[in-house]
Amino acid sequence: MLVTCALPARLPAQTALSSLGIFGFGPGLTLDQTRAALTANHGWGWSCRDAREDSTVTECRGAFQEPLRRIPVQVWLSAMGGRVGILTLQATLTPVGLGEWQAALSESYGPVRVVQRGPLRMMQWVRHGRMLRLTWLPHPDRIDASISLVDGVILDRWGRPRSGG
């Protein structure tokens, strides 16, 4: 079931540098741009470190308050060469909150069909080698939702064999 509602201007999708994004976050952004998006959303707890398995990957975490409902949203990302390759936003939502996320994305990037795999549901948009996927799992008392933002160009470049060493 797709729940829709009127959206305030404060729940923006992003179209500036990245062709896909939301809340100012997007694949392909630099770590500085991502930290600025976190700050603009009254974020906290930003920390980054080199990945254990591959020192060419920087892993960062943080959180912010979703602008409309004021609920906490967790942020996890992996950056390669200083640019975000994979970013995940995760929150516990109400049906109305989920509807607002769905509507913001559909209004920005076009309507898509909801795909269901067992209890898991998702909507996905792909533009210029980048992907945004909204995934949610309904429970009786809440909805666990996440937005995954992936930059395929960055991942393809990172996955190529490196010279030297």
Side-chain angles (χ1 to χ4, degrees), residues 2-49 57-112 114-115 120-139 142-155:
L2 179 64
V3 179
T4 59
C5 62
L7 282 175
R10 293 199 60 196
L11 192 62
Q14 177 181 328
T15 56
L17 174 64
S18 173
S19 59
L20 294 170
I22 191 164
F23 304 121
F25 297 96
L29 296 177
T30 66
L31 290 175
D32 286 342
Q33 290 168 321
T34 304
R35 185 175 46 246
L38 191 74
T39 300
N41 284 296
H42 307 286
W44 66 89
W46 179 256
S47 65
C48 296
R49 65 178 177 88
V57 176
T58 302
E59 297 175 337
C60 301
R61 291 178 166 259
F64 68 96
Q65 217 174 40
E66 191 262 357
L68 181 65
R69 302 255 160 228
R70 316 296 272 170
I71 57 167
V73 178
Q74 301 298 313
V75 179
W76 300 283
L77 70 81
S78 294
M80 297 82 179
R83 293 207 172 263
V84 175
I86 303 168
L87 184 137
T88 301
L89 306 173
Q90 187 279 324
T92 300
L93 302 173
T94 64
V96 171
L98 175 63
E100 289 164 349
W101 283 21
Q102 291 168 325
L105 294 169
S106 293
E107 287 175 14
S108 295
Y109 307 120
V112 294
V114 174
V115 175
L120 191 66
R121 297 177 181 121
M122 71 178 128
M123 299 166 74
Q124 178 174 292
W125 295 263
V126 178
R127 305 278 190 281
H128 311 291
R130 293 180 171 141
M131 184 267 305
L132 184 152
R133 178 181 295 155
L134 171 63
T135 306
W136 67 96
L137 181 62
H139 298 280
R142 70 186 191 285
I143 298 170
D144 293 330
S146 67
I147 295 175
S148 301
L149 299 149
V150 178
D151 190 308
V153 174
I154 290 172
L155 293 180

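Residue numbers count from 1 along this sequence.
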Side chain to side chain contact (heavy atoms under 4.5 Å, CB included) against [X], all qualifying residues, sequence neighbours excluded:
{"X": "Thr94", "answer": "Val96"}
{"X": "Leu31", "answer": "Thr58, Cys60, Leu77, Ala79"}
{"X": "Ala91", "answer": "Ile71, Val73, Leu93, Trp101"}

Contacts of Arg61 that satisfy salt bridge (Lys or Arg N to Asp or Glu O under 4.0 Å) - sequence neighbours left out: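 Arg61: no salt bridge (Lys or Arg N to Asp or Glu O under 4.0 Å) contacts found.
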For [X], side-chain hydrogen bond (donor to acceptor under 3.5 Å, both in side chains) partners two or more places apart:
{"X": "Gln124", "value": "Arg133"}
{"X": "Arg127", "value": "none"}
{"X": "Gln74", "value": "none"}

Ser148 versus Ile86: any side-chain heavy-atom pair under 4.5 Å?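 Sidechains of Ile86 and Ser148: no contact.
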Is there a side-chain contact between Leu149 and Arg130, using heavy atoms and a 4.5 Å cut-off?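 Not touching, per the 4.5 Å side-chain cut-off.
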Residue pairs, two or more places apart or on separate chains, that pass ring pair (Phe, Tyr, Trp, His ring centres under 6.0 Å) and touch residues 75-97: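 For residues 75-97: none.
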Before you tell me yes or no, could you show the steps for Trp46 and Thr39 under side-chain contact (heavy atoms from CB on, under 4.5 Å), namely the whole-Å CA-CA distance, both residues' side-chain angles and the distance that decides it to 0.1 Å? CA-CA 9 Å; Trp46 179 256; Thr39 300; over 6 Å; no
Judged by atom type as modelled, is there a donor-acceptor pair below 3.5 Å linking the side chain of Tyr109 to the main-chain atoms of Val126?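 Side chain of Tyr109 to backbone of Val126, a donor-acceptor pair under 3.5 Å: no, none is there.
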Rounded to the nearest 0.5 Å, what separation is found between the CG atom of Leu89 and the CG atom of Leu132?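 The distance works out to 8.5 Å.
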Pairs flagged by salt bridge (Lys or Arg N to Asp or Glu O under 4.0 Å) wherever residues 22-41 is involved - sequence neighbours left out: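 Only Asp32-Arg35 qualify under salt bridge (Lys or Arg N to Asp or Glu O under 4.0 Å).
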